[in-house]
*Asks:* 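Sharing a structure, written as C-alpha cells. Questions coming.
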Protein chains: 2
Amino acid sequence: MLELRELPDAHILKKFADRYPDADIDQILQFLTFLHVATDLSNGLDRYLASHDLLQGRWWVLILLMREDDHCASPSKLAEKAGVSRATMTGLIDSLQRDKLVSRSTSNKDRRQTLVRLTRAGQKKLDDVMPDYYRRLNQLMSALSKQEGDMLMSILSKLRQQSAVFD
Amino acid sequence: MLELRELPDAHILKKFADRYPDADIDQILQFLTFLHVATDLSNGLDRYLASHDLLQGRWWVLILLMREDDHCASPSKLAEKAGVSRATMTGLIDSLQRDKLVSRSTSNKDRRQTLVRLTRAGQKKLDDVMPDYYRRLNQLMSALSKQEGDMLMSILSKLRQQSAVFD
DNA sequence: TGCAAATAGTTAGGCAGCTAACTATAATGC
DNA sequence: GCATTATAGTTAGCTGCCTAACTATTTGCA
C-alpha cells in the first residue's frame with residue numbers, strides 16, 4: 001500500500017474539483033487519510049517484526065499455526081486464512097522452514113497433502129514477539145476511548161459493506 | 001499489506017490472552033479489523049486502477065504531476081511526495097515513459113536533475129480514470145454520515161499521533 | 001582554485017506478492 | 001476399471017517495493 005506523504009491542500013483539491021465535478025473534498029480527504037494512517041501502522045508493524053527477523057506474512061503463518069490445537073495445518077488452509085495465493089504460501093513456508101520455525105511432512109491419508117507444523121523454535125519466536133507486540137498495541141489503541149473504539153468498529157463495518165464499490 | 005481473511009474468534013483470542021496476559025481482546029480486534037478493511041479498500045482501488053492499466057504507484061505519479069502548475073516535477077520530489085524510494089520512482093517513471101504518459105528531460109540549470117512532465121496522453125489517462133474514481137469514492141464514503149466522517153478523521157488523527165509505538 | 005562533500009539519478013540484487021502452467025495424487029463416473 | 005476431472009503443492013516468470021552501491025554533477029570551503 002502506498003505511503004502518501006503529502007495529502008492535498010485546499011488549493012489543489014479545488015483544482016481537481018474544478019476539472020472533475022464529482023470530486024467531494026471531504027470524502028477524498030477521509031479516504032486518503034484512512035489509507036495513509038493504515039499504511040503507516042502497517043509499515044510500523046513490519047519494522048517491529050523485522051527486528052525479530054519476521055514480516056507480516058511469516059508472522060501471520062506462525063500465528064495461524066499456533067491457533068490450531070495440534071499446531072498443524074496444510075499450506076492451502078494457511079494460504080486461504082492468510083489471504084495470499086498458494087504460490088506465495090509455498091515461499092513463506094520455504095523461508096520459515098529454512099529458519100527452522102516450521103516443519104513439513106506428507107500426510108498419510110492423502111499423499112497430495114503436506115502438513116506444516118509449528119516447531120518448538122517457532123513457538124519460542126512467538127513467545128519472544130507477542131508480549132511486546134501486545135504491549136505496543138495497547139499503547140496505540142489506548143489513544144482511543146471506549147466509545148471511540150466502538151465507533152471505529154461501527155465505521156469500519158459500514159466501510160467494509162461497501163468494499164465492492166471498486167469492482 | 002496482508003489481507004487477513006480470518007479474524008480470530010473468541011475461543012482463539014482467549015487462548016492467546018491466556019498465554020500472553022498483556023493481550024487486550026477488544027484492542028486486537030479493532031487493530032486487525034482496521035488493517036483488514038484498509039487492505040480490502042486498497043486492493044479494491046488497485047483492481048479498479050488495473051482496469052485502466054495503472055496501479056497506485058503509477059496513478060499517484062500522474063496525480064502529483066497534474067497538481068503542479070507546469071505539470072513538471074523532479075524524480076526526487078515525486079519520490080518524496082509519493083513516499084517511495086528514489087529507486088522505486090525511477091522504475092515507476094520508466095514504466096510511465098514506456099506508456100508515453102510522462103516524458104523525461106534534463107534540466108538546463110542543474111544537469112544532475114531530470115524533469116518529468118505529464119504528457120497529453122497522461123492527462124487524458126487521468127481524465128479517463130478520475131471521474132469514475134470520484135463517483136465510486138462518493139458511493140463508498142456516503143456509507144458514513146457527516147458526523148461519522150468527522151469522527152473518523154478525529155480517530156485517525158489520534159492513531160496517527162501514536163504511529164511511533166512500533167519503533 | 002581545486003578538492004572534498006553533498007546531491008540527483010540509476011543500477012544491482014533481494015523480498016514478497018501475483019498468475020499461469022506444471023506434477024503428483026485422489027475422486028468420479030461411464 | 002480406466003479415463004476424466006479435481007485437488008494439493010510447486011515452479012517459473014512478472015511486478016513493485018526496498019537498500020546499498022555506483023556515476024555524474026554541483027557546491028562549498030581552505
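Note on naming: letters A, B, ... go to the chains in the order of the sequence lines (proteins, then strands), and numbering restarts at 1 for each one. From a predicted model like this one, the values you see are computed outputs, not experimental measurements.
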*Asks:* CD of B/Q56 versus C1' of C/dG17: gap in Å, rounded?
*Replies:*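 For the pair B/Q56 CD and C/dG17 C1', the rounded distance is 14 Å.
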*Asks:* Going by the angle between their ring planes, with limits at 30° and 60°, are A/Y134 and B/Y20 parallel, tilted or perpendicular?
*Replies:*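 Judged by the thresholds at 30° and 60°, the geometry between A/Y134 and B/Y20 is tilted.
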*Asks:* So B/S85, base contact, sugar-phosphate only, or nothing? Heavy-atom distance under 4.0 Å.
*Replies:*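 Answer is base: heavy atoms of B/S85 come under 4.0 Å of a base.
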*Asks:* Which whole-number value in Å describes the distance from A/L115 CG to D/dA8 P?
*Replies:*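 About 13 Å, once rounded to whole Å.
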*Asks:* Distance check needed: D/dT25 P versus B/N108 CG, whole Å only.
*Replies:*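 Result: 14 Å.
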*Asks:* Select from B/D110 and B/L92 the residue whose nearest nucleotide in DNA chain D is closer to the 5' end of that strand.
*Replies:*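 Closest to the 5' end, via its nearest nucleotide, is B/L92.
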*Asks:* Taking the nucleotide of DNA chain C with the closest heavy atom to each, which residue, B/A87 or A/A87, is nearer the 5' end?
*Replies:*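 Counting from the 5' end, the first nearest nucleotide belongs to B/A87.
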*Asks:* Please state how far atom CD1 in A/I93 lies from atom C1' in D/dA8, giving the value in whole angstrom units.
*Replies:*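 Rounding to the nearest Å, CD1 of A/I93 and C1' of D/dA8 are 11 Å apart.
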*Asks:* May I ask you to evaluate whether B/T114 reaches the phosphate of C/dA8, defined as a side-chain N or O under 4.0 Å from OP1 or OP2?
*Replies:*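 Negative; the distance criterion is not met.
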*Asks:* Mind checking whether A/F31 and A/F166 have parallel, tilted or perpendicular rings, split at 30° and 60°?
*Replies:*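 Tilted, since the angle between the ring planes falls between 30° and 60°.
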*Asks:* Kindly indicate whether the side chain of A/R86 and the base of D/dG9 share any N or O donor-acceptor pair separated by less than 3.5 Å?
*Replies:*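 Between D/dG9 and A/R86, which were checked side chain against base, a qualifying N/O pair under 3.5 Å is present.
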*Asks:* Between D/dT19, D/dG16, C/dG9, spot the one nearest the side chain of B/R58, thanks.
*Replies:*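 In terms of side-chain proximity for B/R58, the closest of D/dT19, D/dG16, C/dG9 is D/dG16.
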*Asks:* Would you please test B/L64 and B/V61 for side chain to side chain contact (heavy atoms under 4.5 Å, CB included) and show each step?
*Replies:* CA-CA 5 Å; B/L64 288 172; B/V61 171; 5.6 Å; no
*Asks:* With side chain to side chain contact (heavy atoms under 4.5 Å, CB included) as the criterion, how do B/H71 and B/Q123 come out once you've worked through the C-alpha distance, each side chain's angles and the decisive distance to 0.1 Å?
*Replies:* CA-CA 9 Å; B/H71 288 186; B/Q123 178 67 65; 3.3 Å; yes
*Asks:* Would you please confirm or rule out a distance under 4.0 Å between OP1 or OP2 of C/dT10 and any side-chain N or O of B/R104?
*Replies:*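 Checking B/R104 against C/dT10: at least one side-chain N or O falls below 4.0 Å of OP1 or OP2.
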*Asks:* What is the distance from CZ of A/R112 to C1' of C/dA27, rounded to the nearest Å?
*Replies:*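 The answer, rounded to whole Å, is 8 Å.
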*Asks:* Closest to the A/T88 side chain: D/dC18, C/dG17, C/dT10?
*Replies:*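 Closest nucleotide to the A/T88 side chain: C/dG17.
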*Asks:* Reckon B/R111 touches a base, only the sugar-phosphate, or nothing at all at heavy-atom distances under 4.0 Å?
*Replies:*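 If one applies the 4.0 Å heavy-atom cut-off, B/R111 turns out to touch the sugar-phosphate alone, with no base involved.
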*Asks:* In whole angstrom, give the distance that lies between atom CE of B/M89 and atom P of D/dC18.
*Replies:*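 Interatomic distance, CE of B/M89 to P of D/dC18: 9 Å.
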*Asks:* Under 4.0 angstrom, heavy atoms only, what part of the nucleic acid is A/S74 near: base, sugar-phosphate, or nothing?
*Replies:*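 Counting heavy atoms under 4.0 Å across all strands, the contact made by A/S74 is with sugar-phosphate only.
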*Asks:* Write down the distance between NZ (A/K109) and C1' (C/dA24), rounded to a whole number of angstrom.
*Replies:*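 It works out to 19 Å between those atoms.
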*Asks:* Measure from CG on B/D46 to P on C/dA16 and round the result to the nearest Å.
*Replies:*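 The distance from CG of B/D46 to P of C/dA16 comes to 19 Å, rounded to the nearest Å.
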*Asks:* Do you know which two heavy atoms are closest between B/L156 and A/V37, and how far apart they sit?
*Replies:*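 Smallest heavy-atom distance, with atoms named: O-CG2, 3.9 Å.
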